[in-house]
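First comes the structure, then the notes that go with it.
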Amino acid sequence: MPELPEVETVRTGLLAHVVGHKITSATQLHERAQNPRSIAPIEDLAGSTVLDIKRRGKFLWFELDRSDVLVAHLGMSGQFLIDPRETRHTRAIFTLKKGRKETALHFNDQRTFGWVSLERKTDGIPTSVAKIAPDIFEPSFDQAAVIANVGRRKVKIKTAILNQNIVSGIGNIYADEALWLARVHPESVTHEMSAAAIGRTLDCAKEVMSQAIKVGGTSFDDLYINVNGESGYFAISLNAYGRENEPCSRCGTLIKRISFANRSSHFCPRCQKKRG
DNA sequence: GGAAATGTTTACCG
DNA sequence: CCGGTAAACATTTC
């Protein structure tokens, strides 16, 4: 269940295993595997060669030797796997060929919130990514503009940084970790926050996700693994997420878990204040 | 049986 | 129409 660092880890794996390969066939195995917005069945991909793999936030897309692209979102449990042993949740298969070498790229997804689709690009961005804000690592990310945007709103800061139309890539784990590092309470109302505190939250999100990318993302179980089936190691570095009733590594106060927006939020009630 | 799980979309409300 | 909130989607595990 991938956020930006996990999707970036998948992208890196696809760069190594898929770029330069020709898709000799594509097969949809589950009715929900293909996004309804797809302009054609993915079977039409046959004959295309993969030139590059791009990412914005949690969205991935395959650049091809044609103008349309293969877009993918992993949802909560989507995976791309090269020649996997486990095929129980395989929702689509892409057969790849480079020279004499043939590999199978599986799109697996236990919970079927993920999808793939064939889409057109506008100014280099696929249709389904058009309304997604740049993520924090993109050159086009405008931190001052995002701070102003967030400060204009009257929502909880965590809700704001989870909103993919404001800044993309941050999910529940890294939101909690960023807020912990920034010492900001997740329920701080954005309209009442200083620009400095909002900026610090964004800086910390970037810092935390940078560290996570270096170790292959966060894996709690085999629901998130890279294209070779390997786990990431960032779970050992988590300070807030999933640590309810464990001592805060800064001050020793027990981490608290609350619920809003249909999600759990973990934070230190002592270090993380609603203003500051 | 209930709750929860790394996400997005849509319906609804004021 | 807009901003904000809550439920729905599907599957599995604890």
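Residue numbering restarts at 1 for every chain, and letters A, B, ... go by the order of the sequence lines. Quick caveat, the model's predicted, so the values are computed rather than measured. These numbers come from the heavy atoms of this one structure, side chains and all, not from hydrogens, waters or symmetry mates.
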Legend entry - Side chain A:Asn35, main chain A:Arg37, donor-acceptor under 3.5 Å: yes
Inset, instruction - Answer yes when A:Glu192 and A:Lys274 have at least one side-chain N-carboxylate O distance shorter than 4.0 Å, and no when they do not. - result: no
Inset, instruction - Would you check if the side chain of A:Glu177 reaches a backbone N or O of A:Asn172 as a donor-acceptor pair within less than 3.5 Å? - result: no
Legend entry - Pairwise distance SG(A:Cys268) to CG(A:Leu179) - rounded to 0.5 angstrom: 12.5 Å
Inset, instruction - Quick one: label A:Phe220 by what it contacts on the DNA or RNA (base, sugar-phosphate, nothing), any heavy atom closer than 4.0 Å. - result: base
Inset, instruction - Would you tell me if any nitrogen or oxygen in the side chain of A:Arg153 comes within less than 4.0 Å of OP1 or OP2 on C:dG4? - result: yes
Inset, instruction - Would you give the length of the straight line joining atom CG of A:Leu15 to atom NZ of A:Lys54, rounded to the nearest 0.5 angstrom? - result: 10.5 Å
Legend entry - P spacing across the pair B:dA11 / C:dA10, given as an integer number of angstrom: 15 Å
Legend entry - Between C:dT12 (P) and A:Glu86 (CD): distance, integer Å: 11 Å
Inset, instruction - For A:Phe260 and B:dA4, give me the distance from atom CZ to atom P, rounded to whole Å. - result: 15 Å
Inset, instruction - Please state how far atom NE2 in A:His266 lies from atom C1' in B:dA4, giving the value in whole angstrom units. - result: 10 Å
Inset, instruction - Spell out protein contact along nucleotides 8-14 of chain B as letters: B when the base is contacted, S when just the sugar-phosphate is, - when no protein heavy atom is under 4.0 Å; keep the 5' to 3' order. - result: SS-----
Inset, instruction - Take A:Phe234 and A:Tyr224 through the ring pair (Phe, Tyr, Trp, His ring centres under 6.0 Å) test and state the conclusion after the steps. - result: CA-CA 12 Å; A:Phe234 195 70; A:Tyr224 170 71; over 10 Å; no
Legend entry - Of the listed nucleotides C:dT11, C:dG4, C:dC9, the one nearest the side chain of A:Lys154: C:dG4
Inset, instruction - Decide, yes or no, whether a salt bridge links A:Asp135 with A:Lys58 under the criterion of side-chain N to carboxylate O below 4.0 Å. - result: no
Legend entry - Phosphate-side-chain proximity, A:Ser264 and B:dA5, N/O vs OP1/OP2 below 4.0 Å: yes
Inset, instruction - Quickly work out the A:Asp221 CG to B:dA4 C1' distance and round it to whole Å. - result: 13 Å
Legend entry - Separation of C:dT11 P from A:His89 NE2 (nearest whole Å): 10 Å
Legend entry - Selected nucleotide, minimal atom distance to A:Thr112 side chain, candidates C:dA10, C:dG4, B:dG7: C:dA10
Inset, instruction - Check if the side chain of A:Arg111 and the base of B:dA5 share a donor-acceptor pair of N or O atoms closer than 3.5 Å. - result: yes
Inset, instruction - Return one dot-bracket line describing DNA chain B 5' to 3' (Watson-Crick or G-U wobble pairs, both distances under 3.5 Å; ( ) same strand, [ ] crossing, | another strand, . none). - result: .||||.||||||||
Legend entry - Quiz item: A:Asn262 side-chain donor-acceptor pair to C:dA6 base, under 3.5 Å: no
Inset, instruction - Just jot down the side-chain contact (heavy atoms from CB on, under 4.5 Å) partners of A:Ile258, sequence neighbours excluded, or say none. - result: A:Glu187, A:Lys256, A:Phe260, A:Ser265, A:Phe267
Legend entry - A:Gln110, nearest nucleotide to its side chain (from C:dT12, B:dA4, C:dC9): C:dT12
Legend entry - Result of checking A:Arg55, A:Lys214, A:Arg56 against A:Glu8 for salt bridge (charged side-chain N to carboxylate O under 4.0 Å, His left out): A:Arg55
Inset, instruction - Check the distance between C:dC2's P and A:Asn149's CG and give it to me in whole angstrom. - result: 15 Å
Inset, instruction - Nearest whole angstrom, please: distance from the P of B:dG7 to the CG of A:Asp109. - result: 13 Å
Inset, instruction - Determine, stepwise, if the pair A:Cys248 / A:Trp180 fulfils side-chain contact (heavy atoms from CB on, under 4.5 Å). - result: CA-CA 9 Å; A:Cys248 170; A:Trp180 180 88; 3.5 Å; yes
Inset, instruction - Please report, rounded to the nearest Å, how far the C1' atom of B:dG7 is from the CD1 atom of A:Ile161. - result: 15 Å
Inset, instruction - Answer yes or no as to whether C:dA10 has its base stacked against A:Phe113, where stacking requires a ring-centre separation under 5.5 angstrom and planes under 30 degrees apart. - result: no
